[in-house]
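Quick notes on the structure that follows.
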Amino acid sequence: MNRFENNMTRRFGMMLTGNLFISICVGCYRLSGMGVDAFTCLNLGISGFIGMGFGTWQLIMNVFLFVFVIIFARGLIGAGTIVNMVCVGYIADFMCWLVLDTAEINMTFALRIFMLLLGCLFSALGVAFYMEADMGLSPYDSVAPIIEKLSKNRIPFRNARVIGDITSVVTGVIFCLAGRDSLAMIIGVGTVINACFNGPLIQFFRTHVSEPMLRAKAV
């Protein structure tokens, strides 16, 4: 295998791993019952309000955002974009079904805390992996780079990510209240942690994990 093929294999593997981590993250947040990440908060709030399955609505929302990515940041589209758009919501649904309905695991407080921490870890690590793979970003993860680009770098990535996350959380809460659904399932300490710290954590993992992995010489 030549150097180019090895690099492409690594990038493709990192893209798939990153999207799998993000799917696990969403499932973990939902199982914790202590609040979900910002984009999931938005989609759970709206899907509950209109009475649609989470995975299906998330796909629709991704298609909607995809249009803006085509307009403002076409270069961010790739294989990873499609994988993320189609797979994450449904894999998270499957994970929740597997744990709660099939295995019927009792989500104790300690287990919920564990799921929350696991979700935080997989959220930032997953985005860092598939962003570094550079094979396309999800429509939602393209929002921060688009803001950074349109502001001519006056708003750095980490701040743009926080702006997008907080906007998503507020919108999700509004729809959840309008639909008279339980706020406890979509917003909590996990939401606050993710909205405020996900951007810096993604940058940390890109610098210390995903970048070194991609650039490491093959043995």
Side-chain angles (χ1 to χ4, degrees), residues 17-62 84-130 138 140-141 143 161-202 205:
T17 301
N19 278 300
L20 177 60
F21 282 174
I22 293 168
S23 303
I24 294 172
C25 148
V26 174
C28 285
Y29 275 137
R30 290 172 62 183
L31 289 170
S32 77
M34 293 183 168
V36 296
D37 65 277
F39 191 48
T40 304
C41 177
L42 170 68
N43 289 319
L44 281 175
I46 297 177
S47 63
F49 177 77
I50 64 177
M52 182 180 290
F54 168 76
T56 301
W57 171 254
Q58 177 148 308
L59 177 58
I60 293 173
M61 176 59 76
N62 274 325
N84 187 284
M85 286 176 61
V86 176
C87 297
V88 170
Y90 289 116
I91 292 176
D93 274 346
F94 175 76
M95 181 177 171
C96 291
W97 171 80
L98 197 64
V99 172
L100 299 177
D101 298 331
T102 303
E104 297 183 345
I105 295 176
N106 180 27
M107 298 301 296
T108 63
F109 183 72
L111 190 53
R112 290 169 60 201
I113 290 291
F114 175 73
M115 286 293 181
L116 172 63
L117 296 177
L118 206 60
C120 292
L121 173 65
F122 277 116
S123 174
L125 193 57
V127 174
F129 263 56
Y130 93 93
S138 73
Y140 182 73
D141 287 322
V143 171
R161 180 74 189 207
V162 170
I163 291 171
D165 285 349
I166 291 177
T167 300
S168 296
V169 169
V170 171
T171 305
V173 168
I174 291 173
F175 274 94
C176 187
L177 290 174
R180 299 180 182 274
D181 294 320
S182 173
L183 278 177
M185 292 304 297
I186 71 166
I187 187 168
V189 63
T191 312
V192 175
I193 291 173
N194 190 280
C196 295
F197 299 106
N198 204 35
L201 281 173
I202 291 169
F205 283 125

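Here, residue 1 is the first one in the sequence, and each next residue gets the next number.
Sequence neighbours left out, not one pair with a member in residues 116-128 passes salt bridge (charged side-chain N to carboxylate O under 4.0 Å, His left out). Applying the salt bridge (charged side-chain N to carboxylate O under 4.0 Å, His left out) definition to pairs two or more places apart or across chains, none involves residues 44-61. Within the structure, salt bridge (charged side-chain N to carboxylate O under 4.0 Å, His left out) pairs that include any residue of residues 163-191 comprise R161-D165 (at least two apart or interchain). Applying the salt bridge (charged side-chain N to carboxylate O under 4.0 Å, His left out) test to pairs two or more places apart or on separate chains, none has a residue in residues 185-200. For the side chain to side chain donor-acceptor pair (under 3.5 Å) condition, the pairs that include at least one residue of residues 43-61, sequence neighbours left out, are N43-W57, N43-Q58, T56-Y90.
Residues satisfying the side chain to side chain donor-acceptor pair (under 3.5 Å) test with S23, not counting sequence neighbours, are none. Under the rule for a salt bridge (charged side-chain N to carboxylate O under 4.0 Å, His left out), the partners of R30 that lie at least two apart in sequence or sit in another chain are D93. The side chain to side chain donor-acceptor pair (under 3.5 Å) search around Y29 returns N194, not counting sequence neighbours. D37 is linked by a side chain to side chain donor-acceptor pair (under 3.5 Å) to T40, counting only residues two or more places apart in sequence or in another chain. In this structure L20 satisfies the side chain to side chain contact (heavy atoms under 4.5 Å, CB included) test together with I24, sequence neighbours excluded.
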### Task
With side-chain contact (heavy atoms from CB on, under 4.5 Å) as the test, would you mind laying out the steps for F39 and M61 before giving the verdict?
CA-CA 10 Å; F39 191 48; M61 176 59 76; 3.7 Å; yes
### Query
Please walk me through it: do L31 and C96 pass side-chain contact (heavy atoms from CB on, under 4.5 Å)?
CA-CA 7 Å; L31 289 170; C96 291; 4.3 Å; yes
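Side-chain contact between F54 and V26 is present, with at least one heavy-atom pair separated by less than 4.5 Å. Counting heavy atoms from C-beta outward, V88 and S138 have side chains that stay 4.5 Å or more apart.
To the nearest 0.5 Å, atoms SG (C120) and CG (L201) are separated by 8.0 Å. With rounding to the nearest 0.5 angstrom, the CG atom of N19 is 4.5 Å from the CG atom of N84. Put simply, SG on C28 and CE on M34 are 13.0 Å apart, with the number rounded to the nearest 0.5 Å. Rounding to the nearest 0.5 Å gives a distance of 9.5 Å between CD1 of I46 and SG of C41.
Residues Y130 and D141 have side chains that bring a donor and an acceptor to within less than 3.5 angstrom of each other.
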May I have the list of side-chain donor-acceptor pairs in residues 170-179 shorter than 3.5 Å, sequence neighbours left out?
unit_1	atom_1	unit_2	atom_2	d
T171	OG1	T167	O	2.9

Show which side-chain atoms of residues 97-119 pair as donor or acceptor with protein atoms under 3.5 Å away, not counting sequence neighbours.
unit_1	atom_1	unit_2	atom_2	d
T108	OG1	L111	N	3.3
R112	NE	S32	O	2.7
R112	NH2	G33	O	3.4

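Residue F21 comes nearest to G126 through the heavy atom pair CB-CA, 3.6 Å, listed as atom of the first residue, atom of the second, then distance.
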